[in-house]
Each structure stands twice: as structure tokens, then as C-alpha cells.
Amino acid sequence: MAERPFIVGNWKMHGTRAMLSEARAIDRAAQRYMKVEVAVAPPFTLIHAVHREVEQIAVGAQDCHTAEAGAHTGDISASMVADAGAKFVILGHSERRENHAEDNAEVRAKSEAALEAGLNLIICCGESAETRDKGKAEQYVTAQLRASLPQIDNAGERLTVAYEPIWAIGTGNTATPEDVAAMHATIRGLLTETYGEEASASIRILYGGSVKPENAKELMALPDVDGALVGGASLSADSFMGIALAAAEVAE
Ligand code: 13P
């Protein structure tokens, strides 16, 4: 567990202005867990509004374009989300890789654009059930990350990695503690190889995939698990902050 665990809510395509009261409730509760860094990534349309409502938590985006501006109808650039109040961006989520055919090179290009715009990064990785069944999960995730991570001098300050096995997302199934610990150790090894020992030690590796208040403590207590990337359970302040509480207890 990192010195300051990171609990991030990925709201995905959920939320209208009616969700602002939930953001306020998350923000108020986060003030009780100063040992934990809490953040939410709402849809683009809510970034600015959530940013204006909160004091304690950071706000992020769920994607950005590789270009700064241009003829890209419907796309949003990193500088636009930064201007709206985002401090970080989630990149390479499996839903984007699947629904928008994003490959590793695109994730890396987006991450370079985001860094240029002053955003911090949460880069996602994770294998399918088929890959895990074949015994190739670690090999797959290593190759995926190796090709997605940007060249960056201060990775320890700018980068977070999220391991989200695809088969655990939104299914109620979580990976076994042994599998999570083994994958996070593999990812730590890759980060050390890529950025050096000192930077790697400060990069937080989050686990994602059906994290709930009920299973958060066991997951957060695993070596090299420095927080969580939470989908469904981040849509309510009660369940999301139950996860933050679990992280705070483990961090103590
Ligand atoms: P769930 O927590 O809903 O499984 O989603 C995880 C996820 O994809 C977060 O990015």
C-alpha cells in the first residue's frame, strides 16, 4: 500500500447534473479520510460542474484526443479537459480499447498529449478471460503496458497504473488475491525496468474490477495494491466512501 492510497471513481457514461449532490457528498466524506486521495472521473459534460462543487477531491476525465485541436468532430482534447478543471485523465480503459478500437500506440500518443497539457495519467491494462485461461495474463499485460506507457522523466509524480482484468469489470467477479498480488508485482517490475527504482516506488498501482466496500479491505491489503479504480460502486457516495474507508484502515 502506498503512503497515500488513491481511490478513483470512474463514472463511465453515467451522470447528469442530478449527480452533483453525490459529488458533494463524496467531497464532504473525503475530508474525513485525509490519508486517502479520492478522485472522480465524471463524463466530459460534468467535469467543470463537479470541479466547481468540490474542494477536497480531484476531478479527472475518462479520455482525451491525441491532438491539441483540429477537425475532429465529437472529440475532446487534453487541454480542453484541463481547462474544465480536470487534473488527470484515465487512458486505455478496456471499454475504450474495445468500443473505439484503441490500441497501445494510441494510448501512448494520448498520454503524451495529456502530459503536455499538464494532466496526470491513469493508464489502464488488463487481460480477457480467454487470455487468463490460457495462462498468458501476465505476459499479455506486460506487453500491453510496455507499449502503452509514455517516455517521461517524472513518472513518479505524473503516472498511476490501473490493473483491471476485463472479466472482473461490472461482473461481480474479482480476481483472487493471489492473482492480483502476482499481477501487481509483475507490473511493479515493469515500472522499475522502465522508469527506475525510485520513480517506480512512487507510482501507484490501482486494482479495478467489481471493487465494493465488502471486498475492498482484502484487496487493498495486498502487496503493491495502492488503491482502486471503481466503476459501479463509485456512483453512490455511501458505497464509494466505504471503499475509501477500507483504504484508510489499511493505510494506518
Ligand atoms: P466496476 O467497478 O463497475 O466493475 O468497473 C470497474 C472499472 O471499469 C473502473 O474503471
Side-chain angles (χ1 to χ4, degrees), residues 5-15 19 22-23 26 36-44 46-47 50 57-64 81 86-100 102 107 110-111 114 119-129 131-132 137 140-141 144-145 148 159-177 179-180 183-184 187 204-220 222 225-247:
F6 196 18
I7 304 294
V8 183
N10 174 8
W11 285 4
K12 306 192 179 183
M13 199 171 72
H14 295 285
M19 276 294 278
E22 219 59 41
I26 290 168
V36 180
E37 188 175 346
V38 177
V40 293
F44 289 129
L46 284 180
I47 290 174
V50 172
I57 66 172
V59 184
Q62 300 170 17
D63 180 45
C64 68
V81 296
K87 291 285 180 282
F88 67 93
V89 59
I90 298 170
L91 292 173
H93 193 284
S94 59
E95 287 151 14
R96 295 225 41 103
R97 291 177 186 267
E98 216 168 292
N99 301 343
H100 298 271
E102 282 188 13
V107 174
K110 287 182 172 193
S111 71
L119 296 170
N120 288 338
L121 309 172
I122 299 179
I123 298 202
C124 302
C125 58
E127 81 288 354
S128 65
T131 302
R132 177 153 291 275
Y140 178 87
V141 166
Q144 188 183 42
L145 263 184
S148 303
L159 176 66
T160 297
V161 171
Y163 168 57
E164 301 200 301
I166 297 170
W167 47 271
I169 295 177
T171 57
N173 302 321
T174 49
T176 64
D179 288 345
V180 174
M183 185 63 85
H184 281 233
I187 294 171
R204 289 175 294 192
I205 307 174
L206 315 182
Y207 172 78
S210 298
V211 179
K212 311 245 169 324
E214 300 76 38
N215 59 21
K217 203 161 175 184
E218 185 183 24
L219 288 162
M220 296 304 110
L222 295 170
V225 175
D226 304 311
L229 184 55
V230 185
S234 72
L235 296 172
S236 115
D238 278 354
S239 55
F240 189 45
M241 296 319 287
I243 296 167
L245 169 64

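Every number for a ligand or one of its atoms is a count from 1 in the order of the listing.
Under the 30°/60° scheme for interplanar angles, the aromatic rings of F6 and F88 are found to stand perpendicular.
In this structure the side chain of Q62 reaches within 4.5 angstrom of the side chain of P43, judged on heavy atoms.
At a 4.0 Å cut-off, not a single heavy atom of G208 sits close enough to ligand 1 to count as contact. Contact between S210 and ligand 1 is present, with at least one heavy atom of the residue lying under 4.0 Å from the ligand.
Taking every heavy atom of G209 and a limit of under 4.0 angstrom, the matching atoms of ligand 1 come to 4 (O), 6 (C). Near G232, with a cut-off below 4.0 Å to any heavy atom, the atoms of ligand 1 are 1 (P), 2 (O), 3 (O). Within ligand 1, counting atoms from 1 as listed, the ones closer than 4.0 Å to a heavy atom of L229 are 9 (C), 10 (O). Of all the atoms in ligand 1, the ones that sit under 4.0 Å from a non-hydrogen atom of N10 are 9 (C), 10 (O).
When each of V180, D226, V225 is tested with I205 by the rule side-chain contact (heavy atoms from CB on, under 4.5 Å), just one qualifies, namely D226.
Under a 3.5 Å cut-off, the side chain of E22 and the backbone N or O of S236 do not form any donor-acceptor pair.
Every salt bridge (charged side-chain N to carboxylate O under 4.0 Å, His left out) that E127 has, sequence neighbours left out, goes to R132.
Here the protein heavy atom with the shortest distance to atom 7 (C) of ligand 1 is E164 OE2, 3.0 Å. Protein heavy atom in closest approach to atom 2 (O) of ligand 1: G231 N, 2.9 Å. In terms of protein heavy-atom proximity, atom 5 (O) of ligand 1 is nearest to K12 NZ, 3.3 Å.
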Inset, instruction - Under the side-chain contact (heavy atoms from CB on, under 4.5 Å) rule, what do R97 and V107 come out as? Steps first, then yes or no, please. - result: CA-CA 9 Å; R97 291 177 186 267; V107 174; 4.0 Å; yes
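Residues H93 and E164 bring a donor and an acceptor atom of their side chains to less than 3.5 Å of each other.
In terms of polar-atom proximity, defined here as any N/O pair under 3.5 Å, E95 makes no such contact with ligand 1.
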